[in-house]
Amino acid sequence: MSEARYDPAAIEPRWQEIWARERTWEVSNEPDGRPKYYVLEMLPYPSGEPHMGHLKNYALGDAVAHFNRRIGRRVLHPMGYDAFGLPAENHAIKTGVHPRDSTASSIESFQRQFRRWGISIDWTREFGTHEPRYYRWTQWLFLKLYERGLAYRKEAAVKWCPNDQTVLANEQVTAEGTCERCGAVVEARQLEQWFFRITDYADRLLEDLATIEWPEHVKTMQRNWIGRSVGAEVVFRCEELGIDYPVFTTRPDTLFGATFFVMAPEHPDVLRLVEGTEREQAVRDYVNHAMTESNQERGDVEKAKTGVALGRTVTNPVNGEQIPMYVADYVLMEYGTGAIMAVPGHDERDFAFARAYDLPIRRVIEGGEELPYSGDGLLVDSHPDFDGMGNREALEAIVAWLDREGKGHASVNYRLRDWLVSRQRYWGCPIPIVHCPQCGMVPVPEEELPVELPDVTEYKPKGKSPLAAVEEWVNTTCPSCDGPARRETDTMDTFVDSSWYFLRYCDANNDEAAFDRKVLREWMPVDQYIGGVEHAILHLLYARFFTKAFADMELLDAQEPFQALFTQGMITRDGAKMSKSKGNVISPATYVERYGADTARCYILFMGPPDQDVDWSDEGVEGVHRFLARLWRLGLELGASAPAALAPESLAGDDLVVARKAHWVIEKVTGDMAGRFAFNTAIAAVMELVNECYRHRESAAPQTLRFATATAASLVFPFAPHVASEVYELVTGERVWEQPWPTPDPALLESDTFELVCQVNGKVRDRVTAPAGASREELEALALAAPNVRAHVDGHEIVKTIVVPEKLVNLVVR
RNA sequence: GCGGCGGUGGCGGAAUGGCAGACGCGGUCGCCUCAAAAGCGACUGUCCGAAAGGACGUGCGGGUUCGACUCCCGCCCGCCGCACCA
């Protein structure tokens, strides 16, 4: 073979220049008869340089984009930057560099890398969410939500990060009660904040999961997060004070087993109930203690139940019983009504509390050996009308009865809270609202958008947005009465920016509107969305909410933003997540420099199933590099001729072997790519084809080898576009991306003979060549004649024969 | 505790109920070379055997089946999500 060396540094820039010069990957919004396909990778947050996860993400998306173009679809594959956010701002606090400047330089490195990697992007649709031409429309959409009552301000107990000096959405607080961004322990504060009414959409967000092709675990995470519980609200009355306390329960069938009543320490009535009584001090002490405990401590399931009696009683509405009231920290203010009926016989937590405080425990449902029993069964010791009924049936009967008596009603509860979107930070999209002493909150008129983010000199937040210090910006006139007024100084959560960017891509240069409904009809929904599973709840839930809210406003037609979702696994190093603190970070740039973009991209896809975490190995990269070099050398050696076509009927011998292999690989790769993400096995199949070419490169005709090499290049193009273009050009003189995706010739997928597997009692004993289409009898006879089959059958009685045509014969002997 | 996903050679990983281990890495041997690198080729699950061949083998224990990595039941282990959610 030739002495020439595969040199990606020479090959790759050449093709990148052609694609840039000819704007090969741009796509028009005008339909042209081809079916549309919108493939999108989650947009990057531009901070520093791109890392391996980015390379994987965009290598995956690019493979999908290329494949779909080649099978005749009009593919939208855009790119942008999620540019507002805390890291750039924290960097500014430390260094004084304006976040706009650090963000711009990071965006430049991303742009450079994406071009260096040869990702096929339509650059005419590029934007950063921090650009006024984008956030103008983020503000406009905010006002649309405000108009519909879906954006509102209220005072509430909210999560506050003392380090970042801002409120956080529930979704941004980890299970340990720490800030998702900086890790500080989050505090509770009572503050007035902006919210989006995502809870209005809880049911639809839940139901429509059935209509989208997402990984089951992501759907499960969203279901868990929304946390829909069906039950009833039941009113317990405190007669002494004449106050009704509704509680939410999923088990109204156990109402007759309620023996006490518990309120959350944060419940506003707890102190009022004990004011002036001998219980007051004890209750105050308990409440104060509960408040000082962290969420983590309080949330510990193993912790012993504690609480204090309030010295009051409420009436159980189903039987008129007076049951004692308690305050206990196992009841949460943020779920249900902040008060519960306690049924120790049929609830583990209530049982534990009853044990600790010596409260009565009553069985009202049969089943289980001992209490607490939370399963199904017949009602007992409840009421003659319900005793003997199955509890599920009784549940409905009891709720109906409560409803008639005005003591309760069927009810649904959600874990999902409204989305807190305001942040007391600088580097975000300003909220386009003016506070007027006369008119109250007034939206900034549409024609005055965007409300531009002013420059500041001090980025450090002090519990208020740094914007509050910019007096000349804050002071404005009321759009309604022209009187003096002040601008809202909070900015929006960056997740607001990324909740609609996929809509803007469709119509990115529209100066008249956020997007045109007709254009969106052409592109939406995204056919294939690709990104990390870390966004399973936050981003993916918010984007679904936005899409549904805008669909309700008739701004668009899609009900779901992302028809199919693929969640990629992490790339680890020595089995651990890459991080600066572990010192195990490797940069894609290093490998792209050393081996070329094609090798780096191909290796990432070859490592294993892309939804799985995989460990980076330097030896593995070498292997893929060798494969591409072998392919390239084949192309160089064979050189160009007329486009390689083969007449199947004229093939024989090794030419037939090579041609068959090529067609088998076409079918294999096509199957692995269409709808599946089996890129690792697709690449492996192309490797087999290249190996086959080498094996027969002395014996097969050049034209056959040329065809096989062109096929290999064509099939590997979605993963290694540069070298594939080069090799395809070498052997055919044509541009591979302008060729349709190859289709296998059925005549070459079949063979005249096949290898018949001969089993005795299910164990393989021999293999013989059999003619294709042989009858069952012929196959049986062939198997019986196989020498090693004879050895295992002789002296035994054949009791059964299984023949699988074109595959195997299994002889069952005794 | 609930839900989801996974467990296959020395390693990463392949296998519509039908030849377990494709492909790659690593390893052994050979060719090329003055030599090396690169390249090319052969072999490479474990055990027994000179070979032919045989036995064993996909976390564990059962089951269904002519035949199970694959389907069913019961466990063990690992990862991820949720969790005092009434």
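Just so it is clear: chains get the letters A, B, ... in the order the sequence lines come, proteins before strands, and each one is counted from 1. Because only heavy atoms are used, hydrogens play no part in the values below, and waters and symmetry mates are left out as well, while side chains stay in.
- Side-chain nitrogen and oxygen atoms of R415(A) include none within less than 4.0 Å of the OP1 or OP2 phosphate oxygen of A86(B).
- Nucleotide G78(B) carries an anti base; the chi torsion (O4'-C1'-N9-C4 or O4'-C1'-N1-C2) is more than 90° from 0.
- When heavy atoms are screened at a 4.0 angstrom cut-off, R417(A) is found touching no nucleic acid atom at all.
- Rounded to an integer number of Å, the gap from CG of L255(A) to P of A86(B) is 15 Å.
- Residue-to-nucleotide proximity on RNA chain B shows that, of I683(A) and G608(A), the 5′-proximal contact is made by G608(A).
- Residue contacts shown for D329(A) include a base, since a base heavy atom lies under 4.0 Å away.
- Across C85(B), G18(B), C84(B), the shortest atom-to-atom separation from the side chain of Y330(A) is found for C84(B).
- The side chain of K807(A) places no N or O atom within less than 4.0 Å of a non-bridging phosphate oxygen (OP1 or OP2) of G18(B).
- Scanning both residues, K305(A) and A352(A), for their nearest heavy atoms gives CG-CB, 3.8 Å.
- Set against G54(B), G4(B), C85(B), the side chain of L332(A) has C85(B) as its closest nucleotide.
- Distances from the side chain of V804(A) to the nucleotides G81(B), G18(B), C25(B) place G18(B) closest.
- Residue-level contact check: S617(A) touches neither bases nor backbone, having no heavy atom under 4.0 Å from any strand.
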Candidate pair R814(A) and E797(A), rule salt bridge (charged side-chain N to carboxylate O under 4.0 Å, His left out), full reasoning: CA-CA 5 Å; R814(A) 202 160 43 203; E797(A) 181 197 352; 3.5 Å; yes

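- When the nucleotides A86(B), C40(B), C25(B) are ranked by their closest atom to the side chain of T249(A), A86(B) comes out on top.
- Taking all atoms of both residues into account, the shortest heavy-atom contact from C758(A) to A786(A) is SG-CB, 4.5 Å.
- Comparing atom distances between the V331(A) side chain and each of G81(B), G41(B), A86(B) picks out A86(B) as nearest.
- When heavy atoms are screened at a 4.0 angstrom cut-off, P215(A) is found touching no nucleic acid atom at all.
- Spacing of P atoms, C25(B) relative to C40(B), comes out at 11 Å, to the nearest Å.
- A salt bridge links E216(A) to R223(A): one of the charged nitrogens lies within less than 4.0 Å of a carboxylate oxygen.
- At least one cation-pi condition fails for R633(A) and Y6(A): the charged atom is not both under 6.0 angstrom from the six-membered ring centre and inside a 45 degree cone around its axis.
- Comparing G81(B), C40(B), A86(B) by their nearest atom to the side chain of R633(A) picks out C40(B).
- The listed nucleotides are C19(B), C82(B), A55(B); the one nearest the side chain of Q759(A) is C19(B).
- The interatomic distance linking N691(A) (CG) with G24(B) (C1') rounds to 10 Å, in whole Å.
- Closest to the side chain of R630(A), out of G54(B), G41(B), G18(B), is G41(B).
- Residue R676(A) is classed as a sugar-phosphate contact, given heavy-atom separations below 4.0 Å to backbone atoms only.
- As judged by a 4.0 angstrom heavy-atom cut-off over every strand, H346(A) is placed among residues making no nucleic acid contact.
- At a threshold of 4.0 angstrom between heavy atoms, the contacts of E755(A) include nucleobase atoms, whether or not backbone atoms are also involved.
- The K763(A) side chain lies nearest to C56(B) when the options are G24(B), C19(B), C56(B).
- One finds a side-chain N or O of N788(A) lying less than 4.0 angstrom from the OP1 or OP2 phosphate oxygen of G54(B).
- Of the candidate nucleotides C23(B), C19(B), A83(B), C23(B) has the atom nearest to the side chain of A684(A).
- Remark: the backbone N or O of V364(A) is paired with a side-chain donor or acceptor of H346(A) at under 3.5 angstrom.
- Residue D347(A) is classed as having no contact, given no heavy-atom separation below 4.0 Å to the nucleic acid.
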